[in-house]
Amino acid sequence: MDAAKARLAPLRAAMADFAETPVKRALGAAFAPDAALRLCHPIGTLTGPDALWQHAYAPLFRAMPDLERRDFILIAGQDGDGANWIGAAGHYMGTLMAPFLGIPPTGHLAHMRYHEFFRIDAGRIVEMQAIWDIPELMMQARAWPMAPSLGREGLIPGPATQDGLAVSGDGSAALQTVMDMLTALTRHPSQGGPEVMEIPRYWHPRFNWYGPAGIGTARGLAGFRNWHQIPFLAAMPDRGQDRSGTHGHFFAEGAYAAVTGWPNMRQTLTGGGWLGLPPTGKPITLRSLDFWRIEAGLIRENWVLVDLLDAFAQTGVDVMARLGEFNKARNLAPVDLRQQI
């Protein structure tokens with residue numbers, strides 16, 4: 001696992017103090033030339049490190065000239081297919097000085113959480129699955145054009161144990177806890193009421209569920225049920241029943257487990273209310289990239305990113321177009337904070 005993480009170390013170091021030349025060099029060294037890059041909407045699917053720079057990092061760097069990468073979780077492991085993965089969670093941070101994807105500049109410190117997963121083969125990254133929490137950046141610019149979150153919004157913390165960058169050891173127990181928990185979750189509502197999920201068996205009484213911007217963070221069972229699970233299941237009660245066209249890559253290290261999938265969930269939007277979306281009666285797929293931290297056999301923290309912009313797009317809602325309409329009267333010019341004497 002340490003050898004796999006070491007392959008990512010030069011890229012992480014270059015991005016800690018972002019500059020074009022070292023970052024482009026590190027991308028070229030870390031990624032295979034034909035690496036398959038699956039990024040969240042609206043960035044989309046790319047091929048190779050040059051495209052990753054041109055269509056993802058260069059626009060972000062132009063918007064945040066003092067850009068830096070801050071990882072708070074880094075784990076490695078092998079999935080059920082025998083593939084080697086690295087999972088990283090953290091924040092891109094910097095001063096939002098120019099527009100990014102039509103998001104107005106603020107002139108203030110901004111943060112955007114990321115969950116990035118890298119499949120390693122022959123010492124290089126051959127596949128990337130990544131979600132950047134773009135709605136989080138919209139909210140900081142007061143430009144989120146959709147329904148407000150039910151949960152709490154804010155800068156998502158790293159692990160309470162502060163060990164997310166020093167993870168090691170056998171993760172089989174952590175992975176088994178997560179797999180058993182997910183099996184139990186899918187029993188409701190098709191097999192009974194909320195009790196069939198056996199949440200107290202798997203979740204710590206004071207767990208934190210760090211959801212994506214647009215859903216928000218929830219604390220404990222009451223928060224999880226009210227601010228995420230009830231509206232989610234009311235809208236899509238067949239959650240977990242149809243796995244066609246989906247695949248999740250689960251792996252674990254130490255007390256941490258993770259999953260990535262593109263997509264890894266499929267259900268039918270038969271009820272209303274979730275994200276303010278109407279019941280279309282049509283299937284929807286979700287890309288959910290998650291990390292869990294296990295403490296004393298229970299899930300204490302769960303970091304979740306869902307590609308919500310892609311979910312909106314599948315229902316015919318173009319959030320990026322609405323962002324443009326929402327901000328057409330705002331100044332999108334770069335901010336100049338040079339001190340005037």
Side-chain angles (χ1 to χ4, degrees), residues 1-5 8 71-90 113-120 127-131 133 156-187 197-212 217-218 220-221 224 228-229 239-240 243 246-265 286-307:
M1 303 307 174
D2 290 341
K5 294 177 186 177
L8 203 61
D71 294 307
F72 58 70
I73 293 175
L74 187 71
I75 67 171
Q78 201 170 76
D79 69 9
D81 300 322
N84 295 309
W85 288 87
I86 297 173
R113 182 161 51 125
Y114 57 81
H115 290 183
E116 297 178 348
F117 289 83
F118 309 93
R119 182 166 61 88
I120 309 295
E127 182 179 2
M128 176 183 184
Q129 298 183 1
I131 295 177
D133 201 349
I156 299 301
T161 46
Q162 299 295 300
D163 63 351
L165 299 182
V167 181
S168 63
D170 180 24
S172 57
L175 183 58
Q176 192 62 55
T177 295
V178 167
M179 299 303 290
D180 291 345
M181 176 274 298
L182 292 173
T183 298
L185 275 186
T186 58
R187 293 177 186 144
M197 293 184 288
E198 300 183 275
I199 287 180
R201 179 179 174 184
Y202 300 107
W203 296 83
H204 191 281
R206 298 185 180 183
F207 75 88
N208 281 346
W209 188 86
Y210 306 112
T217 287
L221 177 56
F224 178 66
H228 168 58
Q229 195 179 50
R239 179 274 314 270
R243 300 187 183 278
T246 67
H247 187 62
H249 303 278
F250 289 87
F251 61 98
E253 185 177 19
Y256 292 80
V259 67
T260 184
W262 214 263
N264 54 3
M265 299 178 70
L286 298 179
R287 306 158 177 170
S288 181
L289 279 54
D290 299 12
F291 293 87
W292 296 266
R293 184 178 69 82
I294 313 303
E295 183 177 297
L298 298 173
I299 299 168
R300 185 67 187 256
E301 296 181 280
N302 182 197
W303 295 263
V304 179
L305 277 184
V306 180
D307 191 352

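Put simply, the side chain of Lys5 reaches to within 4.5 Å of the side chain of Glu253, judged on heavy atoms. In this structure, the side chains of Thr217 and Ile156 come closer than 4.5 Å at one or more pairs of heavy atoms. Contact annotation: the side chain of Arg239 approaches that of Met265 to within less than 4.5 Å [non-hydrogen atoms, C-beta and beyond]. Inter-residue side-chain proximity for Leu289 and Val304 is flagged as unmet; no heavy-atom pair is nearer than 4.5 Å. Side-chain contact between Met179 and Phe250 is present, with heavy atoms from C-beta onward closer than 4.5 Å. Taking the side chain as every heavy atom from C-beta outward, Tyr256 and Ile294 never approach each other to under 4.5 Å. At least one side-chain heavy atom of Thr161 sits less than 4.5 Å from a side-chain heavy atom of Arg293. Looking at heavy atoms from C-beta onward, Ile86 lies in side-chain contact with Ile120 at the 4.5 angstrom threshold.
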*Run the numbers on Leu165 and Asp71 for side chain to side chain contact (heavy atoms under 4.5 Å, CB included), then give the verdict.*
CA-CA 8 Å; Leu165 299 182; Asp71 294 307; 3.8 Å; yes

*List the steps and the verdict of side chain to side chain contact (heavy atoms under 4.5 Å, CB included) for Ile299 and Met181.*
CA-CA 9 Å; Ile299 299 168; Met181 176 274 298; 3.7 Å; yes

*Decide yes or no on side chain to side chain contact (heavy atoms under 4.5 Å, CB included) for Val178 and Asp290, but give the supporting numbers first.*
CA-CA 11 Å; Val178 167; Asp290 299 12; over 6 Å; no

*Do Phe251 and Gln78 pass the side chain to side chain contact (heavy atoms under 4.5 Å, CB included) test, and can you show the C-alpha distance, the side-chain angles, and the key distance before you say yes or no?*
CA-CA 6 Å; Phe251 61 98; Gln78 201 170 76; 5.9 Å; no

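Checking Asn208 against Glu301 by side-chain atom types alone, no donor-acceptor pair falls below 3.5 Å. In this model, no donor atom of one side chain and acceptor atom of the other lie less than 3.5 Å apart for His115 and Asp133.
Remark: of the listed residues Tyr210, Trp292, Phe291, Tyr210 is the sole one forming a ring-ring contact (aromatic ring centres under 6.0 Å, His included) with Trp303.
Put simply, CD on Glu127 and CZ on Phe117 are 12.0 Å apart, with the number rounded to the nearest 0.5 Å. One finds the OG1 atom of Thr246 at 10.5 Å from the CG atom of Leu286 (value rounded to the nearest 0.5 Å).
For the side-chain hydrogen bond (donor to acceptor under 3.5 Å, both in side chains) test, residues two or more places apart in sequence or in another chain that qualify with Arg201 are Glu198.
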Using distance only, find each side-chain donor-acceptor pair of residues 257-264 under 3.5 Å and give its atom names and separation, not counting sequence neighbours.
{"residue": "Thr260", "atom": "OG1", "partner": "Gln129", "partner atom": "OE1", "Å": "2.7"}
{"residue": "Asn264", "atom": "OD1", "partner": "Ser288", "partner atom": "N", "Å": "3.1"}
{"residue": "Asn264", "atom": "ND2", "partner": "Ser288", "partner atom": "O", "Å": "2.7"}

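A pairwise comparison of heavy atoms in Gly171 and Ala252 identifies O-CB, 3.2 Å as the closest pair. Pairing each heavy atom of Arg206 with each of Arg300, the nearest pair is O-NE, 3.7 Å. Nearest heavy atoms, Pro200 versus Leu298: O-CD2, 4.1 Å.
A donor-acceptor pair under 3.5 Å links the side-chain atoms of Asp79 to the main chain of Asp81, judged by distance alone.
The salt bridge (Lys or Arg N to Asp or Glu O under 4.0 Å) contacts involving residues 156-183 comprise nothing, where partners must be two or more places apart or lie in separate chains.
Below 30°, between 30° and 60°, or above 60°: for Phe207 and Phe224 the angle between ring planes is above 60°, a perpendicular geometry.
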